[in-house]
Amino acid sequence: MAFASAGCRNAPGRPGPEPEVGRPEQLVRFAPLYQQNCAGCHGSGGKNGAAISLANPVYLTIAGPKNIERVTRDGVPGTMMPAFGKHAGGMLTDQQISILALGMLDTWGHSDTPAPPYQSAAPGDPIQGQKAFTVFCARCHGADATGKTKDTSSLVDPAYLALVSDQSLRTAILAGQSERGMPDWRSDLIGANARPMTDQEITDTVAWIASHRIATPGQPYQKSE
């Protein structure tokens with residue numbers, strides 16, 4: 001009987017034991033953590049996603065691991081960036097969030113170029129911001145920021161501004177998006193005007209773009225007379 005029992009267990013076609021599946025919090029490798037939690041918005045290789053490119057040494061250096069951890073853990077209220085930390089209802093432990101932040105830096109490199117701070121220290125001036133935008137940004141985005149070419153969409157569209165924070169706008173200016181032809185804060189001006197944007201110019205530019213934000217985009221609709 002013992003022989004028969006063993007033969008039954010090993011009979012052809014009989015399913016083998018199921019592979020052991022670890023608990024989600026036991027996943028501690030950067031690559032699968034990134035693919036499962038970040039790639040959907042930021043791109044499988046850290047770029048060409050709907051959200052900011054993370055495979056950008058300038059961005060990673062400016063933000064630094066602590067800011068990356070904080071944003072990953074807490075999310076960005078009022079935007080499409082959710083909180084991944086367990087304390088906020090997400091699925092990731094503090095260890096996993098740290099692995100993600102350090103993995104981005106290790107995988108996509110560092111930049112030694114000094115840059116303005118990640119966050120602004122004071123409110124910006126929209127009037128001065130419009131002037132800075134005209135100098136550094138209007139060539140591609142148009143003087144009114146509504147987009148000048150087929151590759152540049154409106155920066156002042158209410159629906160867009162409802163989805164991004166002021167920090168997201170500042171980060172985009174600081175880090176640029178090289179894969180889409182957008183320079184970082186050092187700009188791509190040439191000739192006598194060739195110089196990087198200052199911290200204050202970045203802050204003022206964000207203030208001007210953000211001044212177009214409305215509380216309830218798309219509503220109320222205007223009734224025709």
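These numbers come from a predicted model, not from an experiment.
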For this session: For T79 and S165, work out which heavy atoms get closest and say how close.
Result: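 Heavy-atom minimum between the residues: CG2-N, 3.7 Å.
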For this session: Please report the closest heavy-atom contact between N56 and G176, naming both atoms and the distance.
Result: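 In terms of heavy atoms, the two residues are closest at ND2-O, 3.5 Å.
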Problem set entry | Value rounded to 0.5 Å, distance of CD in E69 from CG in D74 |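 Reported value, rounded in 0.5 Å steps: 10.5 Å.
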Exercise. Given R195 and F136, is the side chain to side chain contact (heavy atoms under 4.5 Å, CB included) satisfied, shown in steps?
Worked result: CA-CA 10 Å; R195 65 173 180 82; F136 292 98; 3.6 Å; yes
Problem set entry | 4.5 Å side-chain heavy-atom contact, C41 and M80 |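 No. Closest side-chain heavy atoms not under 4.5 Å.
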Problem set entry | Closest contact, heavy atoms only, G181 versus P183 |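 Reported closest heavy-atom pair: O-CD, 3.5 Å.
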Exercise. Between K86 and D94, is a salt bridge (charged side-chain N to carboxylate O under 4.0 Å, His left out) present by the stated rule, with each step listed?
Worked result: CA-CA 8 Å; K86 281 197 167 185; D94 287 346; over 6 Å; no
For this session: State whether the side chain of Q96 and the backbone N or O of L27 hold a donor-acceptor pair below 3.5 Å, judged by distance alone.
Result: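 Checked: pair present.
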Problem set entry | Proximity of Y34 and W108 rings by center, below 6.0 Å |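 Aromatic pair counts; centres sit under 6.0 Å.
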For this session: Look at the side chain of R213 and the backbone N and O of L161, then say whether any donor-acceptor pair between them is shorter than 3.5 Å.
Result: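 Yes: the side chain of R213 pairs with the backbone of L161.
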Exercise. Should V135 and F133 be counted in the same cluster of Ile, Leu, Val, Met, Phe, Trp and Tyr side chains packed under 4.5 Å apart?
Worked result: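 Cluster IDs for V135 and F133 match.
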For this session: State whether the side chain of S211 and the backbone N or O of W208 hold a donor-acceptor pair below 3.5 Å, judged by distance alone.
Result: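 Side chain of S211 to backbone of W208, a donor-acceptor pair under 3.5 Å: yes, one is there.
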For this session: Measure from the side-chain N and O atoms of E201 to the backbone N and O of T198, and report whether any donor-acceptor pair falls under 3.5 Å.
Result: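 Looks like yes, one N/O pair under 3.5 Å.
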Exercise. Within the distance-only criterion (no hydrogens, no angle test), does the side chain of R186 pair as donor or acceptor with the backbone N or O of M197 below 3.5 angstrom?
Worked result: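 No; judged by distance alone, with no hydrogens or angles, the pair does not exist.
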Problem set entry | Side chains of I68 and L60 in contact at under 4.5 Å (non-hydrogen atoms) |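 With C-beta onward as the side chain, the pair touches.
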Problem set entry | Least distance between heavy atoms, A39 atom then S44 atom |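 Closest pair (atom of A39, atom of S44, distance): CB-CA, 3.8 Å.
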For this session: Begin with the C-alpha distance, continue with both residues' side-chain angles, and end with the deciding distance and a verdict on side chain to side chain contact (heavy atoms under 4.5 Å, CB included) for C140 and M182.
Result: CA-CA 9 Å; C140 292; M182 177 180 171; over 6 Å; no
Exercise. Any side-chain heavy atom of S120 sitting closer than 4.5 Å to one from I202?
Worked result: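 Heavy-atom side-chain distance check fails, nothing below 4.5 Å.
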Exercise. Is it the case that one hydrophobic cluster holds both L100 and V76, taking links as side-chain heavy atoms less than 4.5 Å apart, direct or via other members?
Worked result: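 Yes; tracing contacts between hydrophobic side chains, which count when under 4.5 Å, links both residues.
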Problem set entry | Distance, nearest 0.5 Å, that separates OG of S168 from CE of M81 |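 So the OG of S168 and the CE of M81 are separated by 9.5 Å.
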For this session: Can you measure from OG (S98) to CG (L92) and round to the nearest 0.5 angstrom?
Result: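 Here the rounded value is 12.0 Å.
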Problem set entry | Check against side chain to side chain contact (heavy atoms under 4.5 Å, CB included), Q200 and Q128 | CA-CA 9 Å; Q200 190 61 52; Q128 295 303 315; over 6 Å; no
For this session: Decide whether T134 and Q130 meet the rule of one side-chain donor and one side-chain acceptor closer than 3.5 Å.
Result: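 Q130 and T134 do not have a side-chain donor-acceptor pair below 3.5 Å.
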Exercise. So do the side chains of T93 and H87 get within less than 4.5 Å of each other, counting heavy atoms only?
Worked result: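 No, every pair of side-chain atoms sits at 4.5 Å or beyond.
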Exercise. Rounded to the nearest 0.5 Å, what separation is found between the OH atom of Y59 and the CE atom of M104?
Worked result: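 One gets 7.5 Å once the value is rounded to the nearest 0.5 Å.
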Exercise. Has the side chain of S154 got a donor or acceptor atom that lies under 3.5 Å from a matching backbone atom of V156?
Worked result: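 Present.
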Exercise. Nearest 0.5 Å, what's the OG1-CG distance between T205 and L155?
Worked result: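 T205 OG1 to L155 CG: 10.5 Å, rounded to 0.5 Å.
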For this session: Following the transitive rule for hydrophobic clusters with a side-chain heavy-atom cut-off under 4.5 Å over Ile, Leu, Val, Met, Phe, Trp and Tyr, establish whether I99 and F84 coincide in one cluster.
Result: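 Yes.
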Exercise. Is K131 paired with D204 through a side-chain N to carboxylate O contact shorter than 4.0 Å?
Worked result: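 No, no charged N to carboxylate O under 4.0 Å.
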Exercise. Which heavy atom in R180 sits nearest to a heavy atom in N48, and how many Å separate them?
Worked result: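 Shortest heavy-atom contact: NH2-C, 4.2 Å.
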Exercise. What is the minimum heavy-atom distance between P65 and L102, and which atoms define it?
Worked result: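 The answer is CB-CD2, 4.2 Å.
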Problem set entry | Verdict with reasoning, I52 to H42, per side chain to side chain contact (heavy atoms under 4.5 Å, CB included) | CA-CA 6 Å; I52 188 171; H42 295 281; 3.8 Å; yes
Exercise. Can you tell me how far CD1 of I62 sits from CG of D184, rounded to the nearest 0.5 angstrom?
Worked result: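 Answer for the CG-CD1 pair, D184 versus I62, is 7.0 Å.
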